[in-house]
Every structure is written in structure tokens, then in C-alpha cells.
Amino acid sequence: MTAPKMIKTFHDRYPFVGPGMWILSVQYFLVQLIVAIAWPNQFSLAYNTISDLGNTVCGIYGSRYVCSPLHISMNISFIILGLFMSLGSILIYQEFKKSHGSRVGFSFMAIAGIGTAMVGIFPENTINQLHSLGAFMPFLIGNLAIIILGLILDLPKSIKNYSVLSGVIALVALVFFITHNYLGIGIGGMERIVAYPQTIWLIVFGIYISKNRVSKRINKK
């Protein structure tokens, strides 16, 4: 049996695994909260980046003081989120009619997942080039994926509009972020407008797919 057929067979047998992975992306927010609370000094949502939570040493990084005792937990969370994004994309893709647009959209999200995992594998104070590349992949490619999927997939109008709006807001924020225009909310605040809509979208979309599956099962009875 070829790999695509094996994936399709697995999805048909366990249809909730893919959306379940995306729903469990909520761990990313929970771990951030726990890791931030553990900082000996106050962690700032405005002036500390998400990656600061995974920084492996204490001291000045850039212009920010960083000290994250639970950095290992944060970096594991990045890796898990990346795996969930990639594997979930491969499985949820089986849920929809195959088209060039759906392949591009889900492939982009899978690539964004690889980048997210790289953020955890290469913390910001280690190999910064690989860390930055990893972060840029979900920031750009992941948010493009949301827009593409919102436009291409056969979805309720509310989900389509929500998807496109989330991606557009994040990409506009990305322009401000890379040009260092933080609009008074700091580097951390602007980065979160780039990053958080994507993870929230994963959770929302995973819930939508799961509820849709449950409804189909009920209607068959």
C-alpha cells in the first residue's frame, strides 16, 4: 500500500485524530502561561517575545532582560505544536475534496509546522539564523495557508470569513513587525498579533471539523 493510501486509510479509521491534534494546540497557550509565571522577574507581553520563553540562558538578549527557568518546557511546546500542525494538516487534508488549492493550503500549513518545531529545536540564543527562519515560516507561510484554505475549501461562510480575516490581520501585523513599527504595543505585542491568530484558528478549525464529523455520524443513524 502506498503512503497516500495508508494516510487515507488511517484518517478514515480514526477521523478525529487530525482535528484533535489541532485542538490540542491549546497546550501552546497553557505552557506559555506556566513558563512566564516562573520567571524571576516579571515577563512582559508587550516587550518580551514568545521566543524569550525558550531562551536557555539568563541575561540581556537584544535590549531585553531574559531569564526563563522553564525554557525546556517552552521549547518542547514549540516542537509539539509544530508536529500537530504538520501531522494534522496531512490528516485533515483527507477530509476535503482534493484540488490544487487545498493541496497548497494544507502543504503550507504543514511547512509552517516544520518551522514552528525549528523554533523549539533552535532557541533564539543558539543558532539564531535557523531560529529566525523557523519563526518566519509560520508567520508568513502559515498565515497564507489560512487565507488560501478560507478561500478554497467548502466551508460555512462564517468560517471562510473568519479564516481570511485571521490571515490578513496576521500578515498586516507581520509587515509592522519586520519593519519595527510596533504601534505602541511593543515587539512582544506585535509579534503576538502575528502569531496568535494562527494558533487560535487551528483550535477553532479543529473543533469545527470534529463537530461536523459528529453531526454526520448522528445523521447517519
Side-chain angles (χ1 to χ4, degrees), residues 1-31 50 74-122 130-131 133-156 159-160 162-164 166-167 170-171 194-217:
M1 185 181 293
T2 63
K5 287 185 178 180
M6 290 176 64
I7 294 170
K8 182 68 166 63
T9 300
F10 181 88
H11 168 74
D12 292 344
R13 186 172 297 175
Y14 307 106
F16 292 98
V17 172
M21 287 180 176
W22 280 13
I23 294 170
L24 289 175
S25 296
V26 71
Q27 61 84 22
Y28 177 62
F29 294 116
L30 297 176
V31 173
I50 304 169
M74 190 67 244
N75 289 322
I76 290 173
S77 177
F78 280 127
I79 295 169
I80 291 173
L81 176 61
L83 289 173
F84 283 174
M85 290 168 67
S86 296
L87 296 176
S89 296
I90 293 169
L91 293 172
I92 295 175
Y93 169 67
Q94 311 301 320
E95 190 85 14
F96 295 91
K97 181 180 178 180
K98 307 298 185 295
S99 69
H100 178 69
S102 65
R103 279 193 295 273
V104 170
F106 283 110
S107 295
F108 273 20
M109 187 59 74
I111 293 169
I114 294 172
T116 302
M118 287 173 62
V119 171
I121 295 170
F122 306 105
L130 291 178
H131 177 88
L133 174 62
F136 191 69
M137 289 162 69
F139 284 1
L140 177 62
I141 300 175
N143 286 316
L144 284 174
I146 294 174
I147 296 174
I148 293 169
L149 294 174
L151 293 172
I152 294 296
L153 298 182
D154 183 16
L155 300 168
I159 299 294
K160 292 175 78 71
Y162 164 66
S163 300
V164 174
S166 293
L171 288 177
V194 179
Y196 284 0
Q198 184 175 136
T199 310
I200 294 170
W201 181 87
L202 292 171
I203 297 166
V204 171
F205 199 82
I207 292 172
Y208 163 73
I209 294 295
S210 298
K211 288 179 65 177
N212 197 42
R213 268 283 173 178
V214 171
S215 297
K216 286 181 180 178
R217 287 192 174 188

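Using a 4.5 Å heavy-atom cutoff, the side chains of Leu91 and Ile7 are in contact. Using a 4.5 Å heavy-atom threshold, the side chains of Phe205 and Ile92 count as touching. No side-chain heavy atom of Ile209 sits under 4.5 Å from any side-chain heavy atom of Phe16. Contact of the Met137 side chain with the Met118 side chain is registered, since non-hydrogen atoms from C-beta on lie closer than 4.5 Å. Counting heavy atoms from C-beta on, the side chains of Pro19 and Ile207 never come closer than 4.5 Å.
Listed by chain and number, the residues in a ring pair (Phe, Tyr, Trp, His ring centres under 6.0 Å) with Tyr196 are Phe29 (sequence neighbours excluded). Residues passing the side-chain hydrogen bond (donor to acceptor under 3.5 Å, both in side chains) test with Ser102 are Ser99, sequence neighbours excluded. Residues forming a side chain to side chain contact (heavy atoms under 4.5 Å, CB included) with Leu24 (at least two apart in sequence, or on another chain): Phe84. Listed by chain and residue number, nothing satisfies the side chain to side chain contact (heavy atoms under 4.5 Å, CB included) test with Ser107 (two or more places apart in sequence, or in another chain). When the side-chain hydrogen bond (donor to acceptor under 3.5 Å, both in side chains) test is applied to Ser163, the partners found at least two apart in sequence or on another chain are Trp201. In this structure, Tyr93 has no side-chain hydrogen bond (donor to acceptor under 3.5 Å, both in side chains) partners at least two apart in sequence or on a different chain.
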Open item on the list: Test side-chain contact (heavy atoms from CB on, under 4.5 Å) on His11 and Val17; report intermediate values, then the result.
Closed with: CA-CA 8 Å; His11 168 74; Val17 172; over 6 Å; no

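Of the inter-residue distances, the one linking Ile76 atom CD1 with Ile121 atom CD1 reads 11.5 Å to the nearest 0.5 angstrom.
The side chain to side chain donor-acceptor pair (under 3.5 Å) pairs that include a residue from residues 22-31 are Gln27-Ser77, where partners are two or more places apart or lie in different chains.
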Between side-chain atoms of residues 138-156 and protein atoms elsewhere (two or more places apart, or another chain), which donor-acceptor pairs fall under 3.5 Å?
unit_1: Asn143; atom_1: OD1; unit_2: Gln198; atom_2: NE2; d: 3.3
unit_1: Asn143; atom_1: ND2; unit_2: Phe139; atom_2: O; d: 2.7
unit_1: Asn143; atom_1: ND2; unit_2: Val194; atom_2: O; d: 3.4

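Ser89 approaches Ala110 most closely through the heavy-atom pair OG-N, 3.6 Å.
Surrounding NZ of Lys98 are more than 12 heavy atoms belonging to other residues, nucleotides or ligands, all under 6.0 Å away.
Considering Ile79, Ile80, Leu81 in turn, Ile79 is the only one that fulfils the side-chain contact (heavy atoms from CB on, under 4.5 Å) rule with Leu83.
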